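Reading through the structure tokens given below for one structure.
Quantities reported herein were computed from a predicted structural model and do not represent experimental measurements.
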Amino acid sequence: MKITTITINHMTEPLGFEYKSLHVGFKVEAEQFETVEKQVEIKAGDSLVHRSDFMPFDSNSFELNLDLAPRTRYDVIVNLKTTDGQTISATSFFETGKMTEAFEAKWIANKDKEIQNTLFRKIVSVAKPVAKARLYMTALGVYETFIDGQKVGHEFLAPGQTAYDQWVQLQTYDVTSAFTQGDHELLISTADGWFKGAYGFIEGIDCIYGDQHRALAEYHIDYEDGGSEIISTDASWETTAGRVSKSAIYYGEDRDDTKEITDWEPVVLVEGDYAVLTDRLSLPLVVKETLDVVEVLNTPAGETVLDFGQNHAGLFRFYNRLPKGTKVFLQVGEILQEGNFYKENLRSARAAFEYISDGEEKWVQPAFTYYGFRYMKVEGFDVIHPEDFKADVIYSDMVSTGHITTNNAKVNRLFENVIWGQKGNFFDVPTDCPQRDERLGWSGDANVFSNTALFNMDVYAFYRKYLKDLAIEQDLNDGRSPMYAPSFGNPDGGGAIWGDATTVVPWNVYQATGDASILTEHYQYMKAWVDWIGRQTKTQNLWTGGFQFGDWLALDGENPAMPTGKTDEDFIASIYYHYSAHIVAETAKLLENDADAAYYGQLSAAILDAIRNEYISANGRLTIDTQTAYALTLQFDLVPETLRERVTKDLVARLHKDDDHLKTGFVGTPFINQMLSQFGQHQLATKIFLLEDLPSWLYAVNMGATTIWERWNSVEPDGSMNPEGMNSLNHYSIGAIMEWAYKYVVGIRNPQKGYQAFDIAPEFDYRLDQISGEFDSPYGPISVSYRIESDDNHTIKMVIKVPFGSTAHVTLPRSENVAVMVNGDSRQGGQFDLTAGHYDISYVPSQNYIEHYSAETTAAEIMADDYLIEQIDAIDPVLDFFRKDPDAVHGGLGKMSLTKLNAILPFITISDEHLKQINTVLEATPILAQRHS
């Protein structure tokens, strides 16, 4: 047994973060569960700050309420005591930042507000050996800081994306090794970034939060002899313009390295705090991996284009071998058109880098922007050496936690695309896209993808920061939640799903991690959102009136120009009003606020009654016949259990009318496959998932996508861009299908207390007959792998791993009254609990997974199977009709069964006896894909 991981607020050894609450988590590796007791100790130097008693191992975390001091390192020791008296220990640490301590430093600026790249510097002397040194700093605008020309830290675009007029984050850096004895140059370099550059969903607006770069810094030095010193930004610093002549997030950057840095002058001091300063919540934006050039393309238009093979977000760099004065120009894009470079879907975003060489051999990289791209057009290079170009993938510093692989290479690529979409868009805030003139923290995308995100990566700290962004906007708007946060001055907001991120995201995070501190911190804003809806609605206990996005980008709208879909917007909004009120009630119970629990519980129930009265008959018939309406009805338990089968049947019927293809948008897409699998229609869910024509997930894979697209058809079958516009090729929301795969294909679902207990309940399907999935839960790795054997019985063979401290409630399908072998022991039936360990499982299902055709099989499916054609031709000549008119196979007639066609078409006449024989053949014949698997 050993302790493998200790985290503080879901981070490893965090430096200078805000610690409003203190959650110490740890993971244990052991071959099997044994009874242990746990203890935590917190030390500051040699002083013991806190020591708990040894207590039963009821969870793998400690919730601490400590009075922390600023600028202090705290060592964390976790001890486990076994029944035989052994003690197992592990240590970690966290360090506080400035907290509420006042700054001695002053805000410094350059008097010229038009400078695009402001430099600040000071020469200092260190006379004695240094024991410890820390830098506490921030800037208005984005910044990099250097000591003796070496960049401090590894992050980009600090201090991050916030509403700068409301709050600004402080960063803490360990600079001990930089302060050797002698003289040192301290340098700060700033640019516009999100603070001053043109940004937001309104093209051309700049200086949204301010019009002048500023910096604030304190270098705290502790000497080995016990002395200390603070070096602060103050009037002794000097300033000038740097080599970046223009920089902005959408624009990119221009830099002239031939420029001499001269004209240093005294800084100006800016009196007063600009906004509330807090220790950081943002995870740093860092390089997580690096891509090489996979191909140098010479396009039909005569361009030189580098293909990095993967759409992503980050920065490119090149090794400069250019003579002094040479100007090069680099632009990026996501896709080629007719073999040529293309960037029109980036709209007004220039997304380029202009560079003038100083003749020095070195790596060159933009500093104060970022790009979303796969391709890069290069101009000005006489010779291209592919190894001289790299693409650094940058996103918030989150740990990857989940992956799924299958027997289907296209599905595997799809899951890679989902994860790459998360990498590209979890960029300090959950942006909608990383490439065009948007890149905003859209709350609707964050909402619908949150459960998928929680499987793929440890996003607790990431969402904690984003929820503060949402809360800031709510404070400014009487509780109304925004469309995106920060809002960059956009006054709009308040729509369902988008606004409901303020309740759904913290609730989903709590369910997945068991850490309720995110609910405690955000509770007042969850309430404020529900209360705001109550004040705005035009109908009591429903949500009507006001702007709604509806089922955004759904394909069933009666007006193709309207992206809101056919599902009634008030129906969708009222469901989320009900659900948000329910979440607040449940949160109130957790926080032991009985009055709120009663009030919001009653409100949620009243809204549910009103929804039923308005939209659902007593027998379970919906007034809205759309895929999304049925999926939401099942997802949010809008009908009693006795009526769910009826709603499921109606959903299936609606899908059959739609040729078993999705017409759902933002709202319905995350839930429809889950509801099909949950309510006995997993084969249909899998069929929809594996479709390859439009609209489908694998269509984009077949078209060469390496991320998730904004639209189902952002790229048309001929390779051209969708003429309707809004064609981001890195837009992660419909990647929420991966939640279905984790929960129903792999089978990991229904976590309790952060996976202290959870279900393993996969649904099997012959088309995905080899699956391997792993999720590194708060307790440790959970893995499930299985295959459906090709023997006569189609034996199921599984391997399950359960981490220490967790209990898996296993439910195996088609296992009633059959012998299930678990590590060589036979159990009767496939429902049992597993604790920590490795388990080999096998059983013969009560009904094998060979699926057969049926009387409902369509004519198109029959005509695709030569064996069926031969068998039916021997009974009746009906298929001659489709041989003579091949277009009918692909039209409306091909979508109907022979039984249906025989009943409604006078020119198709199959006798009752022949029809019976044909249907007998269909029911006896395995589906083509199974015979070939």
>> Could you tell me if Q678 and Y744 have a donor-acceptor pair between their side chains, going purely by distance under 3.5 Å?
In response: yes
> For I800 and I841, what are the C-alpha separation, side-chain angles and deciding distance, and is it a side-chain contact (heavy atoms from CB on, under 4.5 Å)?
Replying inline: CA-CA 8 Å; I800 294 175; I841 297 171; 3.6 Å; yes
>> For D397, is there an ion pair with K288 - N to carboxylate O distance below 4.0 angstrom?
In response: yes
> What distance separates I518 CD1 from K20 NZ, expressed to the nearest 0.5 Å?
Replying inline: 12.5 Å
> Are M798 and P762 side-chain neighbours, meaning at least one heavy-atom pair lies under 4.5 Å?
Replying inline: yes
>> Distance alone, cut at 3.5 Å: any donor-acceptor contact between the side chains of T406 and N412?
In response: yes
>> I'd like to know if the side chain of N407 and the backbone of D769 have a donor-acceptor N/O pair within less than 3.5 Å.
In response: yes
>> Looking only at side-chain N and O atoms, does K27 offer a donor or acceptor that is under 3.5 Å from a partner on S777?
In response: no
>> Can you list everything that forms a side chain to side chain contact (heavy atoms under 4.5 Å, CB included) with N793? Sequence neighbours excluded, please.
In response: D791, T795, V844
>> Under a 3.5 Å distance rule, please check whether S806 uses its side chain to pair with a backbone N or O of V802 as donor and acceptor.
In response: no
>> So for atom CG, which belongs to D46, do other residues, nucleotides or ligands contribute more than 12 heavy atoms lying within a distance under 6.0 Å?
In response: no
>> If you apply the rule side-chain contact (heavy atoms from CB on, under 4.5 Å), what do you find for I771 with V784, and how did you get there?
In response: CA-CA 8 Å; I771 299 293; V784 179; over 6 Å; no
>> Under the rule for side-chain hydrogen bond (donor to acceptor under 3.5 Å, both in side chains), what residues qualify as partners of N79, not counting sequence neighbours?
In response: Q39, E41, S89
> Checking T587 side chain against I583 main chain: does a donor-acceptor pair fall under 3.5 Å?
Replying inline: yes
>> With a 4.0 Å cut-off on N to O distance, would you call E521 and R464 a salt bridge?
In response: yes
> Between Y460 and N9, do the side chains contain an N or O donor and an N or O acceptor separated by less than 3.5 Å?
Replying inline: no
>> Taking the side chain as everything from C-beta on, heavy atoms only, tell me whether P284 gets closer than 4.5 Å to H154.
In response: no
>> For A69, is there any backbone N or O sitting under 3.5 Å from a side-chain donor or acceptor partner on Y74?
In response: yes
> Quick one: CG on L281 to CZ on F17, what's the gap to the nearest 0.5 Å?
Replying inline: 8.0 Å
For residues 810-821, dump all side-chain donor-acceptor pairs below 3.5 Å to protein atoms at least two apart in sequence or in another chain.
{"from": "R814", "atom 1": "NH1", "to": "Q847", "atom 2": "O", "distance (Å)": "3.3"}
{"from": "R814", "atom 1": "NH1", "to": "N848", "atom 2": "O", "distance (Å)": "2.8"}
{"from": "S815", "atom 1": "OG", "to": "L812", "atom 2": "O", "distance (Å)": "2.6"}
{"from": "S815", "atom 1": "OG", "to": "G830", "atom 2": "N", "distance (Å)": "3.2"}

>> For the NZ atom on K43, are there more than 12 heavy atoms of other groups (residues, nucleotides or ligands in this structure) within a distance under 6.0 Å?
In response: no
> Counting heavy atoms not belonging to E289, are there more than 12 under 6.0 Å from its CD?
Replying inline: yes
> Taking side chain as C-beta onward, heavy atoms only, is Q524 less than 4.5 Å from K527?
Replying inline: no
> Can you list the steps and then say if V418 with Y732 is a side-chain contact (heavy atoms from CB on, under 4.5 Å)?
Replying inline: CA-CA 7 Å; V418 174; Y732 63 91; over 6 Å; no
>> Treating S396 as the side-chain partner and L285 as the backbone partner, does any N or O pair qualify as donor plus acceptor under 3.5 Å?
In response: no
> Are R134 and D174 close enough for a salt bridge, meaning some N to O gap below 4.0 Å?
Replying inline: yes
> What distance do E101 atom CD and L277 atom CG have between them, rounded to the nearest 0.5 Å?
Replying inline: 12.5 Å
> For E229, what residues pass the side-chain hydrogen bond (donor to acceptor under 3.5 Å, both in side chains) criterion, not counting sequence neighbours?
Replying inline: Y223
> So, do T503 and Y579 sit near enough that their side-chain heavy atoms are less than 4.5 Å apart?
Replying inline: no
> Does a side chain donor of either S517 or E63 reach within less than 3.5 Å of an acceptor in the other side chain?
Replying inline: no
>> Using 0.5 Å steps for rounding, measure from the OG1 atom of T172 to the CD atom of E218.
In response: 11.0 Å
>> Would you say CG of D225 has more than 12 non-hydrogen atoms from neighbouring residues, nucleotides or ligands within 6.0 angstrom?
In response: yes
>> Using modelled atom types and a 3.5 Å cut-off, is there a donor and acceptor pairing between side-chain atoms of Y742 and backbone atoms of H403?
In response: yes
> Is the distance between the ring centroids of Y395 and F426 under 6.0 Å?
Replying inline: no
>> If we count only N and O atoms by modelled type, under 3.5 Å, do the side chains of S282 and Q169 hold a donor and an acceptor together?
In response: yes
>> For F33 and F804, I'd like to know if the aromatic rings sit close, meaning centre-to-centre distance below 6.0 Å.
In response: yes
>> Please confirm whether the ring centroid of Y136 lies under 6.0 Å from the ring centroid of F103.
In response: no
> Quick one: NE2 on H582 to CH2 on W507, what's the gap to the nearest 0.5 Å?
Replying inline: 6.5 Å
> Around E224, counting heavy atoms of other residues, nucleotides and ligands shown, do more than 12 lie under 6.0 Å from its CD?
Replying inline: yes
> Of the non-hydrogen atoms in G601 and A585, which two are nearest, and what is the gap between them?
Replying inline: N-CB, 3.4 Å
> Does the S450 side chain pair with the main chain of N447, one donor and one acceptor, at a distance under 3.5 Å?
Replying inline: yes
> Counting only N and O atoms by type, is there a donor-acceptor contact under 3.5 Å from the side chain of K38 to the main-chain atoms of S61?
Replying inline: yes
> Is the side chain of T96 donor-acceptor paired with the backbone N or O of T72 at a distance under 3.5 Å, no angle test?
Replying inline: yes
> Is it true that D75 and R73 have a side-chain N and a carboxylate O under 4.0 angstrom from each other?
Replying inline: yes
> Hey, what do you get for NE2 (H10) to OH (Y463), rounding to the nearest 0.5 Å?
Replying inline: 14.0 Å
> Just wondering, are more than 12 heavy atoms of other shown residues or ligands nearer than 6.0 Å to NZ in K468?
Replying inline: yes
>> I'd like to check I419 versus M738 (side-chain heavy atoms, cut-off strictly below 4.5 Å). Are they in contact?
In response: yes
> Are side-chain heavy atoms of P159 and R280 found at a separation under 4.5 Å?
Replying inline: no
> Between K743 and F455, is any pair of side-chain heavy atoms under 4.5 Å apart?
Replying inline: yes
>> Test side-chain hydrogen bond (donor to acceptor under 3.5 Å, both in side chains) on D596 and Y523; report intermediate values, then the result.
In response: CA-CA 11 Å; D596 279 358; Y523 178 61; 2.7 Å; yes
>> When you compare the side chains of T502 and H522, does any donor N or O come within less than 3.5 Å of an acceptor on the partner?
In response: yes
> Would you say S580 and M526 make side-chain contact, with heavy atoms under 4.5 Å?
Replying inline: no
>> How about NZ on K2, more than 12 heavy atoms from neighbouring residues, nucleotides or ligands closer than 6.0 Å, or not?
In response: no
> Among all residues two or more places apart in sequence or in another chain, which pass the side chain to side chain contact (heavy atoms under 4.5 Å, CB included) test with S92?
Replying inline: I6, I8, E13
> Got a sec, which residues hit side-chain hydrogen bond (donor to acceptor under 3.5 Å, both in side chains) with K797, two or more places apart in sequence or on another chain?
Replying inline: none
> Hey, which of V40, T7, L64 is the one that makes side-chain contact (heavy atoms from CB on, under 4.5 Å) with V76?
Replying inline: V40
> With no hydrogens and no angle check, is any side-chain donor or acceptor of N823 less than 3.5 Å from a backbone partner on D840?
Replying inline: yes
